[in-house]
S.K.: 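Have a look at this one before I ask anything.
A quick note: this is a predicted structure, and the numbers were derived from the prediction, not measured. Start at 1 and go down the list; that is how both ligands and their atoms are numbered.
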Amino acid sequence: MSTNPSRKPTGSEESAVPVLEVTNLEVHYGLRRRRRRALRGVSLSVAPGETVGIIGETGSGKSTLARAALGLVRASAGSLVIDGVEVGAYGHRQWRDLRRRGVVQYVFQDPLRSLDPDLTIEASLTEPLLIQGVPRQEAASRTRAFLSRVRLSADLLDRLPGELSGGQRQRMAVARALVTEPRLVILDEPVSALDSANRVQILQILKELRADGVALVFISHDLGSVAGVADRIAVLYQGELVEVGTAGDVINQPQHAYTRLLVRSAPTLHSAAADRAEREALRALLHA
Ligand code: ADP
Ligand code: MG
């Protein structure tokens, strides 16, 4: 904090505070002889409005990192700061309050885990707004506006999540997470259970929603899904972050052997990179 009273914080200074800052995070599961370390020395900072992709194979600790950032598992070491506040020692009720206030939201692979099965689509979307004190009429109009942004028809408002298709349900989960305009949304494998048409649609919607200034942490085992959405990509390998860089750098100049393997084995990326190399070679030839 500045001690000079004439120097008031400006909007840009405020927004420079990371919305998520994880430092030397360590998470263990199990007790005594069954105790296993799932995350080790993980440090990552997410700026307001930034989209960070986290990739890694099954068991690398991606969901553990998501759970830690949502207060669903407790870190055994390290610090966790959300929107400038250290929350590592928060208890159950403080976490619930943080989620209720809509600071941090989540979307899971299985949308039925992010949605209350007994609430209609309308109730699921308006309830968090009402909790935030948004007047009922405004909550209803914001709900409708959001529904169209995730390409869902207003006809679905009185349905239950179980009455929607898998793709509709996941778009609904995205809408519920974003309708309160949170600072940060953690998405753990949001497209992994979807067919390719629904996957492309959700990725497109996420790209559009980024314009609202929300920070996204987008977790996937598939580099191809993350590549087109993320500003930066972090690579988790056996519980450690082995590489963090801009999406372009990680894909075009992977530094770690494991990242190189991921890039090589992502077929869609590989052909895009090959195409680019070919175009560049052609351009060099033409301008020679
Ligand atoms: P990912 O999401 O990348 O597949 P996870 O975070 O789910 O990885 O798992 C990381 C490691 O922690 C794995 O070895 C997994 O077996 C272990 N693990 C995850 N959840 C639990 C749990 N509830 N109890 C014990 N071990 C767990
Ligand atoms: Mg997982």
S.K.: Under 3.5 Å, is there a donor-acceptor pair linking the side chains of Asp158 and Thr120?
M.R.: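 No, no side-chain donor-acceptor pair sits under 3.5 Å.
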
S.K.: For ligand 1, which atoms have a heavy atom of Thr58 less than 4.0 angstrom away?
M.R.: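 This gives 4 (O) as the contact atoms.
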
S.K.: What do you reckon, does Gly59 have a nitrogen or oxygen under 3.5 Å from a nitrogen or oxygen of ligand 1?
M.R.: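 Yes: some nitrogen or oxygen of Gly59 is under 3.5 Å from one in ligand 1.
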
S.K.: Any carboxylate oxygen within less than 4.0 angstrom of a Lys/Arg side-chain nitrogen, looking at Arg93 and Asp97?
M.R.: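 Result for this pair is no, no salt bridge flagged.
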
S.K.: Which residue owns the protein heavy atom closest to atom 25 (C) of ligand 1, what's the atom, and how far is it?
M.R.: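 Checked against all protein heavy atoms, atom 25 (C) of ligand 1 sits closest to Tyr29 CB, 3.4 Å.
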
S.K.: Would Gln201 and Arg171 count as having a side-chain donor-acceptor pair, cut-off 3.5 Å?
M.R.: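 The answer is yes; a qualifying pair exists.
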
S.K.: Quick one: which ligand 1 atoms are inside 4.0 Å of a heavy atom on Ser63?
M.R.: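 Those of ligand 1 that fall under 4.0 Å from Ser63 are 1 (P), 2 (O), 6 (O), 7 (O).
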
S.K.: Give a yes-or-no answer on whether the side chains of Thr259 and Glu243 include a donor-acceptor pair shorter than 3.5 Å.
M.R.: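 A donor-acceptor contact under 3.5 Å links the two side chains.
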
S.K.: Can a protein heavy atom be found under 4.0 Å away from atom 18 (N) of ligand 1?
M.R.: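 Answer yes: something from the protein, a heavy atom, is under 4.0 Å.
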
S.K.: Is the shortest distance from a heavy atom of Glu57 to ligand 1 less than 4.0 Å?
M.R.: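 A heavy atom of Glu57 does come that close to ligand 1.
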
S.K.: Is a side-chain donor-acceptor pair under 3.5 Å present for Glu57 with His221?
M.R.: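 No, no side-chain donor-acceptor contact under 3.5 Å.
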
S.K.: Does Ser63 bring an N, O or S atom to under 2.8 Å of the Mg ion (ligand 2)?
M.R.: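 Looking at Ser63, which is the residue asked about, there is an N, O or S atom under 2.8 Å from the Mg ion (ligand 2).
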
S.K.: Would you call Gly61 a ligand 1 contact, heavy-atom distance under 4.0 Å?
M.R.: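 Contact present.
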
S.K.: Check Asp212 with Arg149, please: is the shortest side-chain N to carboxylate O separation under 4.0 Å?
M.R.: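 Salt bridge between Arg149 and Asp212, a charged N being under 4.0 Å from a carboxylate O: yes.
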
S.K.: If you draw the axis of the six-membered ring of Tyr90, does the NZ or CZ of Arg96 fall within 45° of it and under 6.0 Å from the ring centre?
M.R.: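 Because its charged atom misses either the 6.0 Å distance or the 45° angle limit, Arg96 does not stack over Tyr90.
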
S.K.: Tell me whether atom 15 (C) of ligand 1 lies less than 4.0 Å from at least one protein heavy-atom position.
M.R.: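 No, there is none.
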
S.K.: Taking the minimum heavy-atom distance to atom 5 (P) of ligand 1, which of Asp188, Leu65, Thr64, Ile54 ranks first?
M.R.: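 It is Thr64 that holds the nearest heavy atom.
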
S.K.: Identify, for atom 3 (O) of ligand 1, the protein heavy atom at the shortest distance, and state residue, atom and that distance.
M.R.: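 The protein heavy atom lying closest is Lys62 NZ, 2.8 Å.
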
S.K.: Salt-bridged, Asp231 to Arg210, with N to O below 4.0 Å?
M.R.: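 Yes.
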
S.K.: Do any heavy atoms of Arg36 fall under 4.0 Å from ligand 1?
M.R.: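 Not so, Arg36 does not reach ligand 1.
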
